[in-house]
Amino acid sequence: MRSWSSSSKPPPDTSDHTWFVSGLPGTRAGFLVVVRFCERSLRVLVVRSAESVCIGHPDKLCDLIADHILDDILTLDPTARVAVEVMATGRRIIVTGEITTTIRPQLRACAREALRRAGYNPNRFLIYVWVRRQSADIGAGVTTSLEARAGDESAYASLGAGDQGTVYGYATNETPQRLPLPLVLAHEICRRLDAARTDATIRRIGPDGKSQVSVVYDELGTPVGIDTVIVSIQHDAHKDPEALEREVRTLIVAPAIEAHLPGATPEQVLVNPSGRFVTGGPTADTGLTGRKLMVDTYGGLGPHGGGAISGKDPSKVDRTGAYMARLIAKTVVDARLAEECHVAISYAIGKADPVAFHIDTFGTGQHPDWLLTDAAQAIFPLRPAAIIECLGLRAPIYAKLSTYGHMGHGLSEWEWTLPFTDKLTTEVTRRAHQAATHQ
């Protein structure tokens with residue numbers, strides 16, 4: 001392995017070498033750039049990585065508990081205000097946050113059900129609860145938006161955003177899920193690990209685990225191979241490590257890759273590279289809600305505003321706005337208006353209309369980004385109340401989304417672009433013709 005600066009000339013020797021460089025023009029921050037010199041030719045390969053975690057990972061366990069609680073409340077009180085935070089440490093589960101509802105939430109029962117679903121024995125955990133009602137000041141500002149207080153009686157003006165912040169949506173045409181391939185593969189590996197545990201395809205493995213996949217892209221941004229796959233999976237003390245590695249390679253990694261990049265063989269597969277992984281879950285690491293934001297969204301290969309999703313009712317734009325931003329980005333790609341799309345929406349607490357909206361297609365758009373931005377604003381609902389109605393977000397749908405990412409689930413309303421692709425294409429065409437006419 002050698003280092004090389006993007007301003008340096010290629011080395012004079014003709015042997016094959018792999019060089020690692022950062023700061024190469026045309027590449028984004030955080031991507032590993034692999035430069036291979038082969039017979040005096042320069043080939044730039046970009047390596048992009050993403051991770052996912054299993055259902056029993058301590059952070060994901062907390063997300064699961066929070067969303068189980070949210071679903072339980074929304075089932076009987078769809079307009080409840082919920083912001084649940086969960087911590088799991090040792091044999092203790094701590095549920096806290098703000099809940100305003102007309103029902104009596106079954107918080108401990110929900111936590112036990114989530115523990116059971118994640119592969120843990122709920123009887124071995126103590127569950128502590130400290131919750132209170134939403135602040136009256138915040139509640140009043142959200143219930144009656146800034147626009148409504150100013151006399152705006154137009155549709156969906158009454159509900160203000162539950163907080164300030166910027167939410168992001170992202171989509172790429174490199175996979176059918178419109179997600180980056182490293183993230184799709186990492187999710188698939190974790191999904192298969194969880195299935196192998198529950199159906200005993202692989203015996204003596206535990207609920208805690210995670211994966212990371214590094215995919216190699218060519219100069220055109222096309223996935224051409226797999227560099228490294230990392231799998232860490234909790235196991236029984238008597239599990240033979242060599243047998244576990246064989247099972248993970250043949251029963252988990254190989255079929256996951258074959259399903260998405262046929263014929264590709266990873267340069268290396270690392271199974272439990274730290275060695276022994278007997279102690280896992282909250283006993284090994286403290287878990288918190290909202291600490292796997294990249295797993296929840298785009299694997300770090302698309303931007304993120306920093307707001308957690310799980311445990312929050314749809315009045316919170318961290319969830320509602322993020323889902324709409326994803327729908328817009330995916331619609332742009334599905335309509336073939338761009339190969340890659342990033343959407344940013346900024347909100348102010350208590351205000352119905354966003355304060356900023358922008359689309360960036362990274363130079364892959366069929367039209368200028370400003371035109372796509374204007375057209376999308378005309379087509380898609382951006383007020384929280386309108387988004388909630390459009391996407392059906394008052395329903396108890398969230399626990400099933402808390403593992404393997406909130407994006408890419410084909411049955412979610414924010415993944416269903418068909419009602420919008422023709423509308424957006426028509427609006428873009430109309431505005432492009434209008435712009436051409438006025439030149």
Side-chain angles (χ1 to χ4, degrees), residues 63 66-86 95-103 105 107 110 131-150 152-169 289-290 293 296-297 305-328 345-357 380-399 401-402 406 412-414:
D63 289 341
D67 280 333
H68 259 282
I69 291 170
L70 176 62
D71 281 355
D72 181 66
I73 295 171
L74 292 180
T75 299
L76 296 176
D77 185 5
T79 61
R81 299 283 172 80
V82 181
V84 172
E85 306 289 346
V86 179
V95 179
T96 187
E98 297 79 44
I99 300 175
T100 301
T101 178
T102 58
I103 69 169
L107 304 181
C110 289
V131 298
R132 58 192 184 278
R133 296 177 65 85
Q134 184 183 53
S135 160
D137 292 345
I138 294 175
V142 174
T143 300
T144 307
S145 72
L146 182 65
E147 290 85 348
R149 280 174 272 149
D152 187 346
E153 297 181 353
S154 61
Y156 308 109
S158 61
L159 185 69
D163 202 352
Q164 70 176 36
T166 301
V167 293
Y168 295 95
T289 44
L293 303 183
D296 288 340
T297 53
I309 297 178
S310 289
K312 296 179 179 178
D313 75 84
S315 72
K316 279 70 171 175
V317 290
D318 285 335
R319 184 189 287 275
T320 302
Y323 291 162
M324 178 52 68
R326 163 63 174 174
L327 174 62
I328 297 170
I345 314 174
S346 299
Y347 289 93
I349 186 169
K351 193 175 186 306
D353 291 313
V355 298
F357 176 80
F380 291 94
L382 298 178
R383 288 179 166 180
I387 298 173
I388 290 168
E389 181 179 292
C390 175
L391 302 182
L393 298 182
R394 297 286 187 197
I397 58 174
Y398 300 111
L401 302 172
S402 60
H406 290 253
S412 301
E413 290 291 337
W414 49 95

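What you see below is based on every heavy atom in this structure, not just the backbone, and it leaves out hydrogens, waters and symmetry mates. None of the values given here were measured: they were computed from a predicted structure.
Note that the NE2 atom of His406 and the OG atom of Ser412 stand 9.5 Å from one another [nearest 0.5 Å]. Within the model, atoms CG of Leu327 and CD1 of Ile387 stand 9.5 Å from one another, a figure rounded to the nearest 0.5 Å.
Among residues two or more places apart in sequence or in another chain, the side chain to side chain contact (heavy atoms under 4.5 Å, CB included) test is passed with Pro381 by Met324, Ala386, Cys390. With sequence neighbours left out, Tyr156 forms a side chain to side chain donor-acceptor pair (under 3.5 Å) with Glu389. For Phe380, the ring pair (Phe, Tyr, Trp, His ring centres under 6.0 Å) partners at least two apart in sequence or on another chain are Phe420. In terms of the side chain to side chain contact (heavy atoms under 4.5 Å, CB included) criterion, residue partners of Pro105 (sequence neighbours excluded) are, by chain and number, Ile73, Ile99, Thr101, Leu107. Glu98 meets the salt bridge (Lys or Arg N to Asp or Glu O under 4.0 Å) test with Arg132; sequence neighbours excluded. In this structure Thr143 satisfies the side chain to side chain donor-acceptor pair (under 3.5 Å) test together with Arg81, sequence neighbours excluded. Applying the side chain to side chain contact (heavy atoms under 4.5 Å, CB included) rule to Leu146 yields the partners Arg149, Lys351; only residues at least two apart in sequence or on another chain are considered. With sequence neighbours excluded, the residues satisfying side chain to side chain donor-acceptor pair (under 3.5 Å) with Ser346 are Thr166. Annotation: side chain to side chain donor-acceptor pair (under 3.5 Å) contacts of Thr79 (sequence neighbours excluded): Asp77.
When side chains are defined from C-beta on, Ile309 counts as touching Thr297, because their heavy atoms get closer than 4.5 Å. Arg394 is listed as a side-chain neighbour of Ile388, based on a closest heavy-atom distance under 4.5 Å.
Among all heavy-atom pairs drawn from Ile397 and Gly392, the shortest one is CD1-O, 4.3 Å. Across all their heavy atoms, Thr320 and Pro384 have their closest contact at CG2-O, 4.2 Å. The shortest heavy-atom contact between Val317 and Ala161 is CG1-CB, 3.7 Å. Listed here is the closest heavy atom pair of Ile345 and Pro354: CG2-CB, 3.7 Å. The two residues Ala157 and Glu147 have their closest heavy-atom pair at O-CB, 4.4 Å. In this structure, Asp163 and Tyr347 approach most closely via the heavy-atom pair O-CB, 4.0 Å.
When atom types are taken as modelled, the side chain of Trp414 and the backbone of Ala322 share no donor-acceptor pair closer than 3.5 angstrom. A side-chain donor-acceptor contact under 3.5 Å links Asp71 to the backbone of Ala399. Asp353 contributes no side-chain N or O that, together with a main-chain N or O of Arg383, makes up a donor-acceptor pair within less than 3.5 Å. The closest donor-acceptor contact from the side chain of Tyr398 to the backbone of Leu393 lies under 3.5 Å.
Residue pairs meeting the salt bridge (charged side-chain N to carboxylate O under 4.0 Å, His left out) criterion with at least one member in residues 316-328, sequence neighbours excluded: Asp67-Arg319, Lys312-Asp318, Asp313-Lys316, Arg326-Glu415.
Donor-acceptor pairing under 3.5 Å is recorded for the side chains of Glu85 and Thr289.
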Could you go step by step and tell me if Asp137 and Ser135 meet the side chain to side chain donor-acceptor pair (under 3.5 Å) rule?
CA-CA 5 Å; Asp137 292 345; Ser135 160; 4.7 Å; no

